[in-house]
Amino acid sequence: MHELGIVFHVIKTIEEVAEEQGLTKVSSVTLEVGEVSTVIMEYLEDCWNWAVKKSEVLSGSELRHEVVKGITYCEDCGKTYETVKYAKICPYCKSENTYLIQGNEVQIKEIEAQ
C-alpha cells in the first residue's frame, strides 16, 4: 500500500511549509492525482484520516483531490490522446512509439490554512 507512504510525505511537506509560513492550523489539502497513478483514493483517504490525527497542524483537516487525465503522446504522428481509453497504441496511426505525458502524478495543489 503505497498510499500510506504518499500520505506521510504529504504531511511532512505540509508541516515544513506550515512552520516556514507560521501557520497554526491547516483546514484542507487538495491533491492532484493522476488517473493512471495507481493511487486508490479510498485507501489514500483512510490513511489520511488515520495519520493526520498525529499532527498538531493537520489534525481534523480535510483531504480533497482533483483527477489529472492521463494523456499519451505519439512520437510517430505527433498527436496526443486519452491514455485510459487507448492505452499504449495510438488511435490515429496505430503506433506503439508512445509515452505518457501526464496523469501519473500525485502532487499538492492547494493548502487552506490559518
Side-chain angles (χ1 to χ4, degrees):
M1 177 188 298
H2 66 284
E3 288 82 1
L4 187 57
I6 292 168
V7 165
F8 283 150
H9 179 72
V10 168
I11 287 173
K12 180 181 177 201
T13 301
I14 293 171
E15 287 176 335
E16 290 171 358
V17 169
E19 185 175 331
E20 289 171 10
Q21 300 296 319
L23 305 174
T24 57
K25 188 71 177 157
V26 172
S27 56
S28 72
V29 175
T30 303
L31 301 180
E32 292 178 320
V33 180
E35 71 177 342
V36 294
S37 67
T38 71
V39 170
I40 299 171
M41 283 311 302
E42 183 179 333
Y43 294 171
L44 193 72
E45 290 167 1
D46 286 346
C47 292
W48 178 266
N49 292 331
W50 172 80
V52 295
K53 293 175 186 173
K54 298 165 181 8
S55 170
E56 189 175 316
V57 173
L58 285 156
S59 183
S61 65
E62 177 186 3
L63 179 64
R64 300 175 183 162
H65 76 281
E66 296 177 4
V67 175
V68 177
K69 296 291 274 181
I71 303 294
T72 297
Y73 176 78
C74 177
E75 291 187 292
D76 289 344
C77 71
K79 295 184 179 178
T80 60
Y81 62 90
E82 296 178 44
T83 305
V84 171
K85 188 171 183 179
Y86 298 104
K88 180 145 178 69
I89 299 173
C90 176
Y92 302 105
C93 71
K94 307 301 183 218
S95 171
E96 291 187 33
N97 192 17
T98 62
Y99 62 87
L100 186 69
I101 58 174
Q102 97 178 20
N104 193 32
E105 61 272 24
V106 177
Q107 55 194 15
I108 300 169
K109 178 181 180 183
E110 184 176 77
I111 301 167
E112 287 185 32
Q114 302 171 359

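As the structure is a prediction and not an experimental result, all values here were calculated from the model.
In the hydrophobic clustering of this structure, Val33 does not group with Ile40; members are Ile, Leu, Val, Met, Phe, Trp, Tyr whose side-chain heavy atoms approach within less than 4.5 Å, directly or through other members. Taking hydrophobic clusters as Ile, Leu, Val, Met, Phe, Trp and Tyr residues chained together by side-chain heavy-atom distances below 4.5 Å, Val29 does not share a cluster with Tyr43. Side-chain heavy atoms closer than 4.5 Å link hydrophobic residues (I, L, V, M, F, W, Y) into clusters, and following such links, possibly through other members, connects Ile14 to Leu63. Hydrophobic cluster membership is shared by Met41 and Ile11, with clusters built from Ile, Leu, Val, Met, Phe, Trp and Tyr side chains linked at under 4.5 angstrom. In the hydrophobic clustering of this structure, Val39 does not group with Val68; members are Ile, Leu, Val, Met, Phe, Trp, Tyr whose side-chain heavy atoms approach within less than 4.5 Å, directly or through other members.
Other residues, nucleotides and ligands contribute at most 12 non-hydrogen atoms within 6.0 Å of the CD atom of Glu42.
Counting only residues at least two apart or in different chains, salt bridge (charged side-chain N to carboxylate O under 4.0 Å, His left out) contacts with residues 17-27 are absent. Screening residues 4-26 for ring pair (Phe, Tyr, Trp, His ring centres under 6.0 Å) gives no qualifying pairs among residues at least two apart or on separate chains. Contacts classified as ring pair (Phe, Tyr, Trp, His ring centres under 6.0 Å) and involving residues 13-33 (residues at least two apart or in different chains) are not found.
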Can Thr80 and Thr72 be said to form a side chain to side chain contact (heavy atoms under 4.5 Å, CB included), step by step? CA-CA 5 Å; Thr80 60; Thr72 297; over 6 Å; no
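Taking each heavy atom of Glu35 and Gly70 in turn, the nearest pair found is OE2-N, 2.7 Å. Looking at every heavy atom in both residues, Glu3 comes nearest to Leu44 through O-CD1, 3.6 Å.
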Cut-off 3.5 Å, no hydrogens considered: what does the side-chain donor-acceptor table look like for residues 46-56, sequence neighbours left out?
{"from": "Trp48", "atom 1": "NE1", "to": "Ser61", "atom 2": "O", "distance (Å)": "3.2"}
{"from": "Asn49", "atom 1": "ND2", "to": "Glu45", "atom 2": "O", "distance (Å)": "3.2"}
{"from": "Ser55", "atom 1": "OG", "to": "Glu15", "atom 2": "OE2", "distance (Å)": "2.7"}
{"from": "Ser55", "atom 1": "OG", "to": "Leu58", "atom 2": "N", "distance (Å)": "3.2"}

With a cut-off of 3.5 Å and sequence neighbours excluded, list every side-chain donor-acceptor pair involving residues 97-104.
{"from": "Asn97", "atom 1": "ND2", "to": "Asp76", "atom 2": "OD1", "distance (Å)": "3.0"}
{"from": "Thr98", "atom 1": "OG1", "to": "Lys88", "atom 2": "O", "distance (Å)": "2.7"}
{"from": "Gln102", "atom 1": "NE2", "to": "Lys69", "atom 2": "O", "distance (Å)": "3.1"}

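How far OG of Ser27 is from CD of Glu62: 8.5 Å, rounded to the nearest 0.5 Å. To the nearest 0.5 angstrom, Ser95 atom OG is 8.0 Å from Glu75 atom CD. Of the inter-residue distances, the one linking Ser37 atom OG with Leu31 atom CG reads 10.5 Å to the nearest 0.5 angstrom.
When hydrophobic residues (I, L, V, M, F, W, Y) are linked wherever their side-chain heavy atoms come within less than 4.5 Å, the members clustered with Tyr81 are Tyr86, Tyr92.
With sequence neighbours left out, Lys109 forms a salt bridge (charged side-chain N to carboxylate O under 4.0 Å, His left out) with Glu66. Legend: residues meeting side chain to side chain donor-acceptor pair (under 3.5 Å) with Glu32, ordered by chain and number and at least two apart, are Gln107. Take Gln21 and apply the side-chain contact (heavy atoms from CB on, under 4.5 Å) test, not counting sequence neighbours, and it matches Val17, Leu23. Applying the salt bridge (charged side-chain N to carboxylate O under 4.0 Å, His left out) test to Glu112 and every residue at least two apart in sequence or in another chain returns Arg64.
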